[in-house]
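Hydrogens, waters and symmetry mates are skipped; everything else that's a heavy atom, side chains included, is used. Quick note on labels: first sequence line is chain A, next is B, and so on, each numbered from 1.
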2 protein chains.
Amino acid sequence: MSGLRTGEVAERAGVNIQTLRYYERRGLLSEPGRSLGGHRIYPPDTVALLQVIKAAQRLGFSLDEVAELLDAGRRRHPTADLRQRAIDKISEIDRKIADLTAIRSTLTEVVDARCDSLTNCTCADCPLPYLTIGTSSHDQNGGRG
Amino acid sequence: MSGLRTGEVAERAGVNIQTLRYYERRGLLSEPGRSLGGHRIYPPDTVALLQVIKAAQRLGFSLDEVAELLDAGRRRHPTADLRQRAIDKISEIDRKIADLTAIRSTLTEVVDARCDSLTNCTCADCPLPYLTIGTSSHDQNGGRG
DNA sequence: GGTAAGCCTGTACCTGGGTACCGGATGCAA
DNA sequence: TTGCATCCGGTACCCAGGTACAGGCTTACC
C-alpha cells in the first residue's frame, strides 16, 4: 500500500519516468520495492531525494559526485568530505565566472566596435584579431555551456 | 605546391586532423582542393580561419552558430548580424554568471555551516533545504558545463 | 470481466564536439 | 623502386545526462 508508483514520483519531482530508472542504474536511487506484479513502489521520501539530487546538480556536482555524496551521507562516515568538495567546487565556479567575464568583455568590445563579420570585419580597431582570451588550460571545456 | 596538407593545417592550428574533416562535414570549412591522388590541399588562410572558429567557440558560440556567422560574413548579407548575436550572447552570459553566483553563495553557506551530509545534515541552520536556486527556466542545462 | 492507462524490460537513440580505428591508397625522398 | 609517413573514406566510439520506442504485462476503475 503506502508508496508511490513510478509515474507519481516522476510527476511530483518534475522528472521524466525514464530518468528514475536511469538514476537507479546509476546508483543514485536504491532499488525500490515491487508490487506482486513487479511494478516499482517507491517510499514517499523519494521525491525529496530527487529534489536533493537536482539541487546538487544545480550546485555543479556531476551525477557521479552526487551518488558518492549520497552514499557517504547514508553511511554516516565522518565525512567532512562534503565540505572539502564544496570548497573545491567554489574555486571551480570562480574560474568559470572569470572565464565568462573575460568573454563578456570581449563581446562588449565586439558590440562597441560594431564588428560586422567574423572574418572580414571592416570596423576600425576591430577586436576580433585579438580573441586569444580563454586559451588557458584550466578549462578544457572552453567557455561552452 | 601552394597549399597545406591536412596534417600541416592541423598542427599549425593546434587541432586534431579528424577535427578538420569534422568541421568540413559540419560546413565550417568549405571543401578544399585535392591533389591528383585525392589528398586535401588547403589554402594557407585555413589556419587563420580555424583560429577564428576556436575564438568564436571560446566566446560561447556553438559550431552551428559559428557556421552561420561565417556564412553570413562571406555572403555579406546584412541579416543575422554578428553584433546582434553578440548582444544576445552577452545577456546569456549574464544569466549564467548570475546562476553561478547564486550557486557559489549557497556553497559558501554549506561550507560555513559545516554541513556533513546532503540528506541528513546535522548542522545548525543547515542551508541545504533551501537549495531551490537555479530552478529558473532560462537555462535548461542548469549551472553545469 | 472488460478496457484503458500505466508500468515492465531491453535496447536504441539524442545532443555537442569531437576522437579512434580500419584497410587501403598516395606522397615524397633516397 | 623501395619504403615509410601521411592521408583517404567510412564507421564506430567517447563523454554526460538523459529520452524514446517496442512489445508485453499489471493495475485500476466501471
Side-chain angles (χ1 to χ4, degrees), chain A residues 1-29 31-42 46 50 53-68 70 92 96 134 139-145, chain B residues 1-29 31-42 46 50 52-68 70 92 134 139-145:
Chain A
M1 201 43 200
S2 83
L4 302 169
R5 313 176 59 189
T6 311
E8 291 171 319
V9 172
E11 191 183 354
R12 293 194 198 183
V15 302
N16 193 300
I17 290 179
Q18 320 286 0
T19 303
L20 291 183
R21 307 214 286 115
Y22 176 64
Y23 283 1
E24 194 177 317
R25 284 205 299 285
R26 291 284 301 256
L28 286 126
L29 297 179
E31 296 189 19
R34 300 281 180 145
S35 71
L36 289 176
H39 287 197
R40 287 175 181 78
I41 300 174
Y42 289 96
T46 305
L50 281 166
I53 293 171
K54 287 297 177 187
Q57 271 190 301
R58 284 194 297 274
L59 288 180
F61 294 100
S62 71
L63 287 185
D64 275 351
E65 288 173 314
V66 177
E68 281 178 46
L70 290 175
E92 201 178 311
K96 282 186 186 169
D139 185 359
Q140 291 297 333
N141 199 24
R144 280 182 294 104
Chain B
M1 23 208 130
S2 84
L4 301 169
R5 311 178 59 189
T6 310
E8 291 171 318
V9 173
E11 191 182 353
R12 293 193 197 182
V15 302
N16 192 300
I17 290 179
Q18 320 286 359
T19 304
L20 291 183
R21 306 213 283 119
Y22 177 64
Y23 283 2
E24 195 178 314
R25 282 206 299 285
R26 291 283 302 252
L28 287 130
L29 297 179
E31 295 189 21
R34 299 282 179 145
S35 72
L36 289 176
H39 287 199
R40 288 175 181 78
I41 300 174
Y42 289 96
T46 304
L50 282 166
V52 166
I53 292 170
K54 287 298 176 188
Q57 271 189 301
R58 285 194 296 275
L59 288 181
F61 294 99
S62 72
L63 287 184
D64 275 351
E65 289 173 314
V66 177
E68 279 178 47
L70 289 175
E92 206 175 291
D139 186 357
Q140 292 298 330
N141 199 25
R144 282 179 296 102

Could you tell me the separation between the [atom1] atom of [X] and the [atom2] atom of [N], rounded to a whole number of Å?
X: B:L36; N: D:dC7; atom1: CG; atom2: P; result: 17 Å
X: A:R34; N: C:dC7; atom1: CZ; atom2: P; result: 12 Å
X: B:I41; N: C:dC28; atom1: CD1; atom2: P; result: 8 Å
X: B:R25; N: C:dG17; atom1: CZ; atom2: P; result: 14 Å

Does [N] have OP1 or OP2 sitting under 4.0 Å from an N or O in the side chain of [X]?
X: A:Y22; N: D:dA16; result: no
X: B:T19; N: C:dT19; result: yes
X: B:K54; N: C:dG17; result: no
X: A:T6; N: C:dG6; result: no
X: B:R40; N: D:dC8; result: yes
X: A:S35; N: D:dT27; result: yes

Please list every donor-acceptor pair under 3.5 Å in which a side-chain atom of residues 12-24 of chain B meets a protein atom from a residue at least two apart or in another chain.
unit_1	atom_1	unit_2	atom_2	d
B:N16	OD1	B:Q18	N	2.8
B:Y22	OH	B:R26	NH1	2.8
B:Y23	OH	B:K54	NZ	3.0
B:E24	OE1	B:R40	NE	2.8

Query raised in the report: C:dG10 base to A:R21 side chain: any donor-acceptor pair below 3.5 Å?
Result: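 Indeed there is one.
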**Report entry** the helix from C:dG1-D:dC30 to C:dA30-D:dT1: angle between end helix axes, five pairs per end, rounded to 10 degrees
**Finding:**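 The helix from C:dG1-D:dC30 to C:dA30-D:dT1 shows an end-to-end axis angle of 10°.
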